[in-house]
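Here's the structure, in structure tokens; my notes come after.
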Amino acid sequence: MVIRQEKKEEFREIYDLVKLAFETAHVSNGEEQDFVNQLRAEGNYIPRLALVAEEDGELIGHIMLTRTYVKEGAKQHTVLLLAPLSVKFEYRNRGVGGALIQESFRIAKDMGYKAVFLVGAPAYYQRFGFQSAASFGIQHMTGVPDENVMACELEPGAFETIRGTVEI
Ligand SMILES: CC(C)(COP(=O)(O)OP(=O)(O)OC[C@H]1O[C@@H](n2cnc3c(N)ncnc32)[C@H](O)[C@@H]1OP(=O)(O)O)[C@@H](O)C(=O)NCCC(=O)NCCS
């Protein structure tokens, strides 16, 4: 398996991969594939952090980390949003999702990002170092339970200086 940056000519294939993956997700609004297109069209897309997992020429997984912000009055901290993460059904439970997370985090650290947020299942993301954003003192306005809005430090101690409300 190879993990590498997504290519423009694969956007249609990735759309289908995300759509299909979320048909078997525990939680889905059915629009994750359109969210991918929306994220690419907005100013917070980071091509180096939109990755695919490829095996024998087939795309089997995809991850996207885009810029988002934690705001505290006039202060703004740039952080990352992990969304969405998709692995083809037939390739699950062999570490593809974990490998996509780890490779994206390696690149993100290299680029100087300090923290990643997501909305997701604690039972899955805790193993990668995520905990509730609330436990770091970060607020959100998502309407989903606090435990599902999660954060992970890329730089130890990042949340000693990042305070405020995350825009997700
Ligand atoms: C979630 C997803 C990306 C995981 O991909 P994967 O390649 O199977 O993940 P990994 O192989 O790294 O990890 C598998 C482990 O995570 C667990 N897991 C997967 N989804 C989980 C969930 N929603 N809640 C709790 N545990 C979960 C598996 O049971 C397995 O556990 P084990 O290692 O103890 O056997 C994949 O199931 C998927 O694409 N799901 C549909 C889309 C989705 O829900 N995306 C995430 C949105 S929060």
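Every number for a ligand or one of its atoms is a count from 1 in the order of the listing. Sequence positions, counted from 1, serve as the residue numbers for this chain.
With a 4.0 Å heavy-atom cut-off, ligand 1 is reached by the backbone of R94 but not by any atom from C-beta on. In A123, the parts holding a heavy atom less than 4.0 Å from any atom of ligand 1 are both the side chain and the backbone.
Proximity of N93 to ligand 1 is established by a heavy-atom distance of less than 4.0 Å. The shortest separation from a heavy atom of Y125 to ligand 1 is under 4.0 Å, placing the residue in contact.
Using modelled atom types, one side-chain atom of K88 and one backbone atom of L59 make a donor-acceptor pair closer than 3.5 Å. Although no hydrogens or angles enter the test, the distance criterion places a donor-acceptor pair under 3.5 Å between the side chain of R92 and the main chain of V87. Between the side chain of E54 and the main chain of E58, no donor-acceptor pair closer than 3.5 Å is present.
Within a 4.0 Å radius of atom 35 (O) of ligand 1, the protein contributes no non-hydrogen atoms. For atom 41 (C) of ligand 1, the nearest protein heavy atom lies under 4.0 Å away.
Not less than 6.0 angstrom separates the ring centroid of Y125 from the ring centroid of F117.
Taking any N or O of A121, backbone or side chain, none lies under 3.5 Å from an N or O belonging to ligand 1. For ligand 1, one of its N or O atoms has an N or O atom of Y124 under 3.5 Å away. Checking only distances, F22 never comes within under 3.5 Å of ligand 1, N or O to N or O. Residue-to-ligand polar distances place G97 within reach of ligand 1: an N/O pair is separated by less than 3.5 Å.
M111 approaches I46 most closely through the heavy-atom pair CE-CG2, 3.7 Å.
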